[in-house]
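A short write-up of the structure that comes next.
The residues of the chain are indexed from 1 along the displayed sequence. Every number for a ligand or one of its atoms is a count from 1 in the order of the listing.
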Amino acid sequence: MSQYPDARFITSANAPHQFVADTGVEVAVAGRSNAGKSSAINIIVNRRQFARTSKSPGRTQLVNFFSLRENQRLVDLPGYGYARVSDAMRDHWGELLSDYFRSRQSLKGLLLIVDIRRQLKDYDRQMMAFAEEVNLPAHILLTKADKLKKGQAATALLQVQKELDERATVQQFSALNRQGENAARNTLERFLGTGA
Ligand SMILES: Nc1nc2c(ncn2[C@@H]2O[C@H](COP(=O)(O)OP(=O)(O)O)[C@@H](O)[C@H]2O)c(=O)[nH]1
Ligand SMILES: [Mg+2]
């Protein structure tokens with residue numbers, strides 16, 4: 001059963017004035033297009049189709065606010081990484097995200113979704129920089145771990161841990177076989193301050 005029986009979509013924002021009221025606590029989830037962010041959110045919230053999974057990355061992307069419980073939110077941040085994203089869209093994305101990280105008092109943590117086969121890219125390093133600028137704790141889900149052999153996955157984990165050192169915690173994850181589900185949810189709960 002879902003730990004979030006009342007979880008629901010609240011609204012999408014394309015500009016800071018559309019962000020929901022900055023009260024309570026929230027955790028942001030980010031990842032490059034196609035990294036597996038929507039799939040990871042669905043597993044963590046334990047609802048099929050909660051965050052829409054899509055096989056066509058690159059469409060206009062918004063900041064999506066979800067309520068998990070009263071005064072606790074999950075915020076699905078727009079990703080890019082798809083070759084066709086224009087410079088103008090990338091600039092808009094940068095400003096929107098920069099505004100979001102700098103202004104949100106309720107923001108308590110970042111979950112960054114990274115395809116374990118791809119390692120960290122510019123997008124991921126930019127997200128880490130946004131988080132560090134405001135002293136936000138970050139946790140990386142190296143997802144699609146089912147796509148690698150155990151030894152390869154362990155090596156990939158070590159590489160990311162080595163690059164980030166103390167700046168983030170890192171784990172393997174798979175939406176396909178639910179590897180790392182509990183660790184991911186416990187981190188979400190820790191960021192939300194619910195003491196798990
Ligand atoms: N094998 C495998 N495929 C995954 C996993 N997570 C996501 N996918 C697939 O990767 C593609 C992109 O996933 P999606 O969640 O839509 O990515 P998003 O663009 O980051 O939201 C889809 O075809 C998913 O089925 C995983 O853990 N394992
Ligand atoms: Mg998605």
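- Comment: Glu163 does not engage Lys121 in a salt bridge, judged by the lack of any side-chain N to carboxylate O separation of less than 4.0 angstrom.
- Taking the centre of each ring, Phe130 and Tyr100 stay at or above the 6.0 Å mark.
- Checked against a 3.5 angstrom limit, the closest N/O atoms of Ser33 and ligand 1 fall outside it.
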Quiz item: Can you list the steps and then say if Lys108 with Glu26 is a salt bridge (charged side-chain N to carboxylate O under 4.0 Å, His left out)?
Solution: CA-CA 6 Å; Lys108 300 303 176 194; Glu26 67 192 27; over 6 Å; no
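- Atoms of ligand 1 lying under 4.0 Å from at least one heavy atom of Ala175, given by number and element, are 6 (N), 26 (C), 27 (O).
- Taking every non-hydrogen atom of Leu176 and a distance limit under 4.0 Å, the qualifying atoms of ligand 1 come out as 26 (C), 27 (O), 28 (N).
- An N or O contact shorter than 3.5 Å is missing between Phe173 and ligand 1 by distance.
- Using a 4.0 Å cut-off between heavy atoms, Arg32 contacts ligand 1 through its backbone alone, with no side-chain atom that close.
- Within ligand 1, counting atoms from 1 as listed, the ones closer than 4.0 Å to a heavy atom of Gly36 are 7 (C), 13 (O), 14 (P), 15 (O), 17 (O), 18 (P), 20 (O).
- Of the listed options Gly31, Ser38, Ser39, Ser39 places a heavy atom closest to atom 6 (N) of ligand 1.
- Proximity of Val29 to Ile44: side-chain heavy atoms (C-beta onward) are nowhere separated by under 4.5 Å.
- Inclusion of Ala145 in the set of residues having an N or O under 3.5 Å from an N or O of ligand 1 is not warranted.
- Residues Arg167 and Asp165 are not paired through a salt bridge, judged by the lack of any N-O separation under 4.0 Å between the basic side chain and the carboxylate.
- Only side-chain heavy atoms of Asp146 come within less than 4.0 Å of ligand 1; its backbone N, CA, C and O stay farther off.
- Metal site remark for the Mg ion (ligand 2): Ser38 contributes an N, O or S atom at a distance under 2.8 Å.
- Between Leu188 and Tyr4, some side-chain heavy-atom pair lies under the 4.5 Å cut-off.
- Contacts between Thr143 and ligand 1, counted as non-hydrogen atom pairs separated by less than 4.0 Å, involve the side chain only.
- Between Asp76 and Lys37 a salt bridge is recorded (basic side-chain N to carboxylate O distance below 4.0 Å).
- Remark: Glu181 engages Arg185 in a salt bridge, criterion side-chain N to carboxylate O under 4.0 Å.
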